[in-house]
Amino acid sequence: MSDFWAHAGGDIVLPFWAVAALGVLSALAILDRLLMPSVRWAIRRQANRAIDKLNTQLRLQIQPFKMTKRSQLIDQLTHDPDVLTAVEANARETGRPREVVAAQVRAYAREMVPSFSAYTYFKIGTGLARRISTSLYRVRLGAVHAHALERIPPDASVVFVINHRSNMDYVLVTYVAATASA
């Protein structure tokens, strides 16, 4: 059949491949709209349970903002009143349209806000770091300043500074930090 649409006695006849493609697209749309939200909800619920369980074992707990979706963090950053004021000021100074400056700010925000999966990092990543570290090294803590660590408030953000001499430093810090903190 050379024509895509062929009329035969008032009926519309479609090639089999077109019907099959429409059927597959329809099935995907149904899955996306009906099934996927419940699957995402179940996965997020499982991740929240795992993090709640992990938080009972840690002195420095995982803060709720670490569970926030990346897109929401980008929106919060780009709609912050100080950022909006800076966008307006830059648009006036440079003479560029406000929308162009806002698009540039959004691009910077997408670049700065990390894509972070707390479940993957804390459930899978720390176990993997532990296995890699102990298989390659005999990991020992030379000095622990327990008194100093006890004075850190539970809601504080702790920053580990790495000397960047080895790519393995990141794996080792993850392994050591996972035993006490997030």
Side-chain angles (χ1 to χ4, degrees), residues 24-25 27-80 82-83 86 102-182:
V24 168
L25 290 174
L28 288 175
I30 289 170
L31 283 174
D32 183 54
R33 297 295 179 202
L34 298 178
L35 186 60
M36 291 311 290
S38 59
V39 170
R40 283 188 210 109
W41 174 81
I43 291 171
R44 189 167 236 352
R45 194 173 110 201
Q46 181 181 2
N48 287 339
R49 283 184 187 162
I51 290 171
D52 288 342
K53 181 180 176 184
L54 186 63
N55 273 343
T56 62
Q57 300 168 4
L58 299 175
R59 195 180 100 54
L60 300 173
Q61 298 182 348
I62 301 169
Q63 281 79 29
F65 82 88
K66 292 180 181 173
M67 296 298 296
T68 307
K69 287 185 178 180
R70 182 174 187 263
S71 59
Q72 188 176 359
L73 291 174
I74 291 170
D75 287 343
Q76 287 176 353
L77 180 61
T78 56
H79 291 92
D80 182 85
D82 293 336
V83 172
Q104 186 178 13
V105 166
R106 188 160 192 79
Y108 288 152
R110 278 196 299 275
E111 192 175 305
M112 291 185 323
V113 175
S115 180
F116 180 77
S117 168
Y119 180 77
T120 302
Y121 181 81
F122 292 109
K123 193 70 172 174
I124 298 169
T126 55
L128 190 60
R130 180 175 289 118
R131 279 191 215 96
I132 291 171
S133 298
T134 56
S135 69
L136 297 175
Y137 300 102
R138 183 174 42 134
V139 180
R140 295 177 292 157
L141 293 179
V144 177
H145 302 286
H147 182 66
L149 291 173
E150 289 171 3
R151 290 185 307 195
I152 298 173
D155 61 344
S157 293
V158 178
V159 178
F160 292 92
V161 180
I162 302 172
N163 65 12
H164 297 290
R165 289 188 179 169
S166 166
N167 289 333
M168 190 63 189
D169 290 348
Y170 297 100
V171 177
L172 287 168
V173 166
T174 299
Y175 167 63
V176 173
T179 60
S181 69

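Remember, predicted model here, so these are calculated numbers, not experimental data.
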Visitor: I'd like to check the side chain to side chain contact (heavy atoms under 4.5 Å, CB included) partners of R45; sequence neighbours left out, ordered by chain and number.
Guide: W41, R49
Visitor: Only counting residues at least two apart or in another chain, list the ones meeting side chain to side chain contact (heavy atoms under 4.5 Å, CB included) with I132.
Guide: L128, L136, M168, V171
Visitor: Working to the nearest 0.5 angstrom, can you tell me the gap between L73 CG and T78 OG1?
Guide: 10.5 Å
Visitor: Using 0.5 Å steps for rounding, measure from the CD atom of Q76 to the OG atom of S71.
Guide: 10.0 Å
Visitor: For V105 and V83, work out which heavy atoms get closest and say how close.
Guide: CG1-CG1, 3.7 Å
Visitor: Which value, rounded to the nearest 0.5 Å, describes the distance between D82 atom CG and L77 atom CG?
Guide: 10.5 Å
Visitor: With sequence neighbours left out, what residues match R131 under side-chain hydrogen bond (donor to acceptor under 3.5 Å, both in side chains)?
Guide: none
Visitor: Are the side chains of I74 and E111 in touch, meaning some heavy atoms are under 4.5 Å apart?
Guide: no
Visitor: Minimum heavy-atom separation for T134 to R130, with atom names?
Guide: OG1-O, 2.8 Å
